[in-house]
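Take a look at the structure set out below.
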Amino acid sequence: MDLFNSFIKETIDQLGAPRQRWDYNVRDAWRDLGSSELVLMKDAAFELGGGGKSAVNFTCVTDDHSLVPKDEVLLYGPDLRELKGDSTFARIAFLGVKEISKDEQEAFNTIQNMEFVKYHVFPEGYMMRVSPESHREQVRVSKKALRRGISFKAVGADYIKQYHTNPNITSVKLIFITDPSVDYKALTDRAKKVNEVTKTMNKILEGLPEDLDCNSCSFKPVCDEVEGLKELHFGKEGMKKMGKK
Ligand code: SF4
C-alpha cells in the first residue's frame with residue numbers, strides 16, 4: 001500500500017518542523033459524545049475554517065512504518081486556546097497500516113473502516129462540518145469547551161483512540177494546522193489528488209473487470225500518474241502478460 005507515500009513525503013517536506021508534538025496517550029483524549037452535537041453560533045468561540053478561510057482535510061494510508069513510526073499529534077500554528085477568532089485550518093491524518101495489499105477484500109474493508117472513523121469522531125464542544133467534494137473540514141468550537149481546556153492534543157488523542165478501533169491501523173500521525181502562513185492551496189491541491197487516488201482505489205477494490213482496457217477507462221489519468229494503481233487492478237501477473245512492466 002504505497003500509493004500515498006509520495007503525498008505523505010511531500011506534505012512532511014512542505015510543513016517542516018511542527019510548533020508542538022505530543023506522543024499519544026489515551027488518557028489525554030477529549031471526551032467523545034459518540035454522536036453529533038449542535039454548537040450554536042451564540043455558543044461558539046470561533047470556527048476553524050470559518051469566515052471563508054481555508055479548511056483542508058485529507059487522509060493517507062501507508063504500510064511504510066518509517067513514515068508513520070508511532071502515534072503522535074503535530075501542531076503547526078496556535079493551539080485552540082490561543083486563537084482569538086476564526087482561523088485557517090487543516091487536519092491531515094497519516095495512517096500506518098498492516099501490509100494489506102495481498103488480500104484485496106481485507107484492503108477494501110480497511111479503507112472503508114477508515115472512512116467510517118472519519119465521520120464518527122465527536123469531541124465535545126468541537127462540531128465538525130465535512131464537505132467531501134471540496135475537501136473541507138470546518139469546525140465550530142464552543143466557548144464552554146475552551147473554558148474546560150480543549151486543545152489539539154486532547155482532540156487529536158480522541159481521533160487516534162477512534163482510529164485504533166480498527167485493528168489494521170497500527171500507528172497514526174495526526175496533523176493540525178492553524179498557521180495562516182502555510183500554503184493551503186498546495187494542501188488543497190494535494191487533497192484533491194489524494195481523493196482521486198482513493199476513489200480509483202476503491203473502485204478497483206470493489207471489483208473492476210480484468211479485461212477492462214485502460215484506454216477506455218475514465219480513471220486512466222489517475223492510473224497513469226500514480227504508480228501502483230494498475231498493478232492493484234491487474235496484479236503482478238496481469239501486468240507481465242500485458243507487457244506493462
Ligand atoms: S488500471 Fe486501467 S482499467 Fe484499471 S482502473 Fe486504472 S485505468 Fe482503469
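Counting convention: from 1, in listed order, for ligands and their atoms alike.
Ion pairing between a basic and an acidic side chain is recognised when a charged N comes within 4.0 Å of a carboxylate O; E137 and R129 show no such pairing. The pair D224-K230 meets the salt-bridge criterion, since a charged nitrogen lies less than 4.0 angstrom from a carboxylate oxygen. The pair D43-K143 fails the salt-bridge criterion, with no side-chain N (NZ, NE, NH1 or NH2) lying under 4.0 Å from an Asp/Glu carboxylate O.
At a cut-off of 2.8 Å, C214 is counted among the residues with an N, O or S atom near atom 2 (Fe) of ligand 1. Among the atoms of H233, no N, O or S atom is found under 2.8 Å from atom 8 (Fe) of ligand 1.
Atoms of ligand 1 lying under 4.0 Å from at least one heavy atom of K230, given by number and element, are 1 (S). Interface of C223 with ligand 1, defined as ligand atoms under 4.0 Å from a residue heavy atom, comprises 1 (S), 5 (S), 6 (Fe), 7 (S). Here is the list of ligand 1 atoms found below 4.0 Å of a heavy atom in L212: 3 (S). In summary, the atoms of ligand 1 found under 4.0 Å from a heavy atom of K220, numbered by their order in the structure, are 7 (S).
Side-chain atoms of R140 and Y126 form no donor-acceptor pair, as typed in the model, at a separation below 3.5 Å. Looking at Y76 and T178, their side chains never bring a donor and an acceptor atom within 3.5 Å of each other.
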